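In this text the structure is predicted, and so the values were computed from the model without any measurement. Atom set for the values below is all heavy atoms of this structure, side chains included, hydrogens, waters and symmetry mates excluded. Whatever order the structure lists ligands and atoms in, that order sets their numbers, starting from 1.
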Amino acid sequence: MRTLLALAAAATAALVSFSAPAQAAPHTIEPRPTNEVLGAKLKALAKQSHGRVAVRSIGATNEGRPVWAARVGHGPVRIQYVTQQHGDEPLGTPAAVEFLRTVGLPNTAWHRWLRSRVTVDIIVRANPDGHVRDWRFNYDPDAVPEFGEPGKGYDINRYHNPSLAPDDNPATEAGHIQRAYAQFRPHIVIDYHMQGRYVDSEGREITASVMWPTHPDVTPALVDAAKRVTVVAQQAIDRLAGGNVSQYPGGDYEGIARNAYGLRGSASVLLELSAIDDEQSQIRAAYVAMLAVVQTAADGSLNRVDPARADAIPPRGDPARGVTD
Ligand SMILES: [Zn+2]
């Protein structure tokens with residue numbers, strides 16, 4: 001518990017720039033910036049940070065849009081976040097921009113310490129073509145995909161199979177992510193998605209769901225490492241963002257990023273924000289999870305989390321009444 005209380009205090013201090021105090025006007029975050037606005041925001045962060053946030057394209061989509069990635073920090077612990085593989089699951093993306101702003105712009109001793117301990121590489125909006133159409137898939141209307149929808153495109157998050165070479169990957173953006181992963185070799189990967197609406201056994205709304213790799217060939221040590229990350233994310237969302245986090249009932253397929261990057265040697269976690277009405281609180285939930293994992297990885301407290309606590313996170317429960325997925 002001491003770890004998490006220390007986490008709460010430090011993360012709250014870092015949050016000041018994002019979470020305005022009650023007496024001040026709240027700082028509203030644009031939940032669905034256009035691809036052009038997103039690119040401009042990232043480039044502005046690179047400039048304002050004097051290069052502490054480094055922005056690059058990891059490749060083009062089928063329609064020629066850049067897939068942006070941004071890196072901050074230069075420490076030995078490597079952490080990769082991925083947002084919006086599914087184009088209609090947007091809220092991890094603005095959270096990533098705010099995270100980069102918080103970690104990359106200020107230059108206090110605390111921020112310099114944090115950046116000396118971790119390197120964070122974020123693929124910000126993995127699916128810009130899907131974002132334009134507000135749909136799940138990439139854009140590849142000629143495809144007849146095993147996973148995806150004919151006439152639309154591929155489900156990017158079914159094409160991360162470790163045996164699938166990036167150059168042979170039919171889902172273009174999944175190939176880009178595979179290459180970025182292989183170059184960076186992160187210790188930790190968190191993939192940000194969104195789900196429908198659910199309630200727990202007492203009828204309280206589930207605000208997010210989390211899961212570690214469930215493919216049977218992921219080593220027990222890496223499953224435990226992923227469970228530690230899961231617990232930190234859950235605690236951050238529950239305690240700092242007023243959330244109610246459950247386990248996510250995901251499958252074992254190796255093409256899902258959560259499983260694929262566990263098989264490839266990372267502590268790999270899925271985080272699904274629920275599609276509740278208060279999008280600002282959901283952006284903040286993703287943001288505090290990003291920050292908490294980075295901070296606990298930086299100070300080493302992540303390694304002291306009991307992975308069994310992940311098993312105690314409650315199951316997701318039923319769909320919320322009157323709400324469709
Ligand atoms: Zn998704």
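Between D299 and R304, none of the side-chain N atoms (NZ, or NE/NH1/NH2) sits under 4.0 Å from a carboxylate O, so this pair counts as no salt bridge.
The aromatic rings of F99 and Y81 sit perpendicular to each other, their planes meeting at more than 60°, with 30° as the lower class boundary.
With ring centers used as reference points, Y181 lies under 6.0 Å from Y261.
Among the atoms of E272, no N, O or S atom is found under 2.8 Å from the Zn ion (ligand 1).
Taking 4.5 Å as the limit, every side-chain heavy atom of E272 sits out of range of all side-chain heavy atoms of V210.
Among the heteroatoms counted here (N, O or S) of E89, OE1 is the one nearest to the Zn ion (ligand 1).
When rounded to 10 degrees, the angle formed at the Zn ion (ligand 1) by ND1 (H86) and ND1 (H193) equals 100°.
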